[in-house]
Amino acid sequence: MSTMTQWPDGPQVVPAMRDALRSLTAGVPPMAASDSAEVAGVATGGEGGLWRHSDAELTETLAVIGQMRQLVEIAEVAVVREGLERGLPGETGWSAHDWVTRAEGEQAPDPSVRHVSSVVRVAKAGTTMAGRYWATADGGVRALREAFESGDLPLGKADQLARFHAQVAPVADEEDLDHDLKALVAGAKDDVVATGPDGRVTQRVRGLTDKELAAGIVRTGRLLKPAKDQDAEDARGKDARSFTKSPGPAGMSSYRIVLDPEGAAVVDSAIAALSAPVKGPDGEHDERSATRRRADALLEIIRRGVSSPGEAPKTDKAQLVVTIGLDDLRAGTDGAGVTTTGEVLAPSVVRRLACDAGIIPVILGTDGAILDLGRTARFFSPSQRKAIWLRDQGCTYPGCTMPPQWCDAHHVDWWSRGGATDLDNAALLCERHHTKVHSLELHATITATGVTWHV
């Protein structure tokens with residue numbers, strides 16, 4: 001039996017387990033087998049079973065389990081990092097992954113391969129090995145570690161960001177990578193904000209989902225790469241294009257298409273133009289599902305394309321909106337073009353696309369579009385939204401990387417309090433930060449080039 005305090009019965013088990021986990025990284029010996037048996041007994045409700053506990057107690061227990069899981073992962077990463085710094089895997093002749101697996105499997109089933117890989121990557125984040133010595137990176141990696149160790153960033157997201165840093169660091173500018181990694185961490189981690197008048201009531205505001213973070217990482221990674229690397233990647237992407245057909249259910253056919261960013265941007269733009277719901281002659285709703293509408297749109301595009309071979313097209317090409325600096329478009333070697341759906345295109349690709357496309361200067365308000373409507377309209381017009389998208393490029397909250405199509409057009413001075421529906425009162429905000437701005441009643445300064453929030 002270890003010298004640690006015995007596990008109490010009931011709700012008091014939680015602080016005892018938390019203290020035990022915290023003491024683990026402070027050098028206190030781990031639990032003995034009999035201690036873990038007592039923990040298991042508490043977790044299963046003891047002799048009386050879980051049926052004795054109320055609904056609220058069960059829900060609270062799950063919340064505590066979530067806390068404990070996070071604490072366990074934090075301790076796990078800390079112990080693995082210390083072991084790596086000491087060179088323990090090398091002394092045993094095992095890889096870091098095998099060392100963790102064997103050690104954790106001494107008195108329990110082996111952890112999953114995926115979990116161990118995540119733990120090792122986060123433990124190694126921003127480090128390089130020279131013999132048995134490790135040099136730890138600062139800045140963005142420190143923000144990543146602090147967010148993870150504070151419990152605001154789960155292991156899965158920390159792993160995504162650690163992998164991103166390791167892949168991009170060899171080719172990216174160090175300062176740019178540091179800046180962008182900090183921004184991604186800020187967007188991915190949860191925030192706890194005070195919502196009550198006395199500041200005692202708090203609400204956890206969720207960060208980007210795993211899927212949203214992955215999209216942000218892909219976009220950021222491409223923007224950080226030098227133009228020559230983007231060009232090479234685009235060439236490899238075109239070589240990887242594929243279109244395959246296989247039997248589908250009930251005599252139907254299934255098609256699978258794999259496209260590079262340029263091809264995906266073109267298809268997305270073309271499908272979006274024809275897949276919107278169409279009302280019937282009497283105003284009835286379109287009963288087709290979204291997937292059915294997209295399939296119908298694809299067939300319509302093909303029909304239009306093959307109906308008049310050899311003739312000039314009767315309609316414009318699908319509108320593909322790409323934002324890029326003028327110097328980069330003309331002859332620059334750095335930078336990239338970004339479509340409104342988040343695809344990142346190399347400057348050379350944008351210049352080629354521009355050969356047979358109209359180029360509209362982003363001096364907004366051309367063609368008589370009304371951009372300042374004052375109090376005459378509750379919602380921003382399509383022209384205004386386009387102007388806001390081009391100006392803000394995404395969520396304007398500091399550090400957020402949410403692309404514009406996932407953002408709301410927010411009235412900085414609330415419309416309900418007399419704010420105007422004008423560009424100088426508009427800012428793009430993702431759902432998460434829209435909620436935060438409203439709950440904290442934050443204000444911002446808006447200029448012709450962007451939005452600055454006073455946080």
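When side chains are defined from C-beta on, D191 does not count as touching D152, because their heavy atoms never get closer than 4.5 Å. Taking 4.5 Å as the limit, every side-chain heavy atom of T452 sits out of range of all side-chain heavy atoms of T447. L84 places none of its side-chain heavy atoms less than 4.5 Å from the side chain of L88. In this structure the side chain of T445 reaches within 4.5 angstrom of the side chain of H454, judged on heavy atoms. Looking at heavy atoms from C-beta onward, E73 lies out of side-chain contact with V119 at the 4.5 angstrom threshold. The shortest side-chain heavy-atom distance between H97 and V113 falls under the 4.5 Å cut-off. Within the 4.5 Å cutoff, no side-chain heavy atoms of H285 are placed close to those of P277. Here the side chains of D190 and V205 are not in contact, with every heavy-atom distance at 4.5 Å or above.
Among all heavy-atom pairs drawn from L153 and F148, the shortest one is O-CD1, 3.3 Å. Of all the heavy atoms in L224 and F164, the pair that sits closest is CD1-CZ, 3.8 Å. The heavy-atom pair separating T396 from A427 by the smallest distance is OG1-CB, 3.9 Å. Of all heavy-atom pairs spanning W453 and L442, the tightest one is CZ3-O, 3.6 Å. Of all heavy-atom pairs between H165 and V141, the closest is NE2-CG2, 3.6 Å. Between P398 and V455 the shortest heavy-atom distance is CG-CG2, 4.3 Å.
One finds a salt bridge joining D260 and R241 here, because a Lys/Arg side-chain nitrogen approaches an Asp/Glu carboxylate oxygen to under 4.0 Å. We find that E149 and K189 are not joined by a salt bridge, their nearest charged nitrogen and carboxylate oxygen being 4.0 Å or further apart. Salt bridge absent: K182 and D180 never bring a charged side-chain N and a carboxylate O closer than 4.0 Å. Salt bridge status for D296 with R288: present, with a side-chain N to carboxylate O gap under 4.0 Å. Classification of R86 and E82 as a salt-bridged pair holds, one side-chain N sitting under 4.0 Å from a carboxylate O. For the pair R102 and D98, the salt-bridge criterion is not met [side-chain N within less than 4.0 Å of a carboxylate O].
Separating the CG atom in L213 from the CG atom in L208 is a distance of 6.0 Å, to the nearest 0.5 Å. Taken from CD in Q70 to OG in S150, the straight-line distance is 8.0 Å, to the nearest 0.5 Å. Between atom CD1 of residue I388 and atom NE2 of residue H410 there is a gap of 11.5 Å, rounded to the nearest 0.5 Å. Once rounded to the nearest 0.5 Å, the distance linking CG of L62 with CD of E60 reads 10.5 Å. Expressed to the nearest 0.5 Å, how far CZ of R385 lies from CG of L423 amounts to 11.5 Å. Separating the OG atom in S118 from the CD atom in Q160 is a distance of 9.5 Å, to the nearest 0.5 Å.
In terms of modelled atom types and a separation under 3.5 Å, the side chain of K157 and the main chain of A188 share a donor-acceptor contact. With hydrogens and angles disregarded, no donor-acceptor distance shorter than 3.5 Å links the side chain of R256 to the backbone of S246. For S253 (side chain) and P247 (main-chain N/O), no donor-acceptor pair under 3.5 Å exists by modelled atom type. E212 places a side-chain N or O within donor-acceptor distance of the main-chain N or O of T209, the cut-off being under 3.5 Å. Checked by atom type and distance alone, the side chain of N425 pairs as donor or acceptor with a backbone atom of D413 at under 3.5 Å. Not a single donor-acceptor pair under 3.5 Å links the side chain of T220 to the backbone N or O of I217. In this structure a side-chain-to-backbone donor-acceptor pair under 3.5 Å is missing from E104 to P109.
Side-chain contact annotation: H115 with E76, donor-acceptor N/O pair under 3.5 Å present. Under the 3.5 Å distance criterion, with hydrogens and angles disregarded, no donor-acceptor pair is assigned to the side chains of S242 and T244.
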Practice task
Decide side-chain contact (heavy atoms from CB on, under 4.5 Å) for R145 and V77; before the verdict, give the C-alpha distance in whole Å, the side-chain angles of both, and the deciding distance to 0.1 Å.
Solution key: CA-CA 10 Å; R145 289 184 175 177; V77 169; over 6 Å; no

Practice task
Would you please test L429 and C395 for side-chain contact (heavy atoms from CB on, under 4.5 Å) and show each step?
Solution key: CA-CA 4 Å; L429 288 170; C395 179; 4.1 Å; yes

Exercise for the section: Start with the C-alpha distance between R294 and L298, add both sets of side-chain angles, then the distance that settles side-chain contact (heavy atoms from CB on, under 4.5 Å), and finish with yes or no. Expected result: CA-CA 6 Å; R294 288 194 290 270; L298 177 61; over 6 Å; no

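Within a 6.0 Å radius of CG in D239, other residues, nucleotides and ligands contribute more than 12 heavy atoms.
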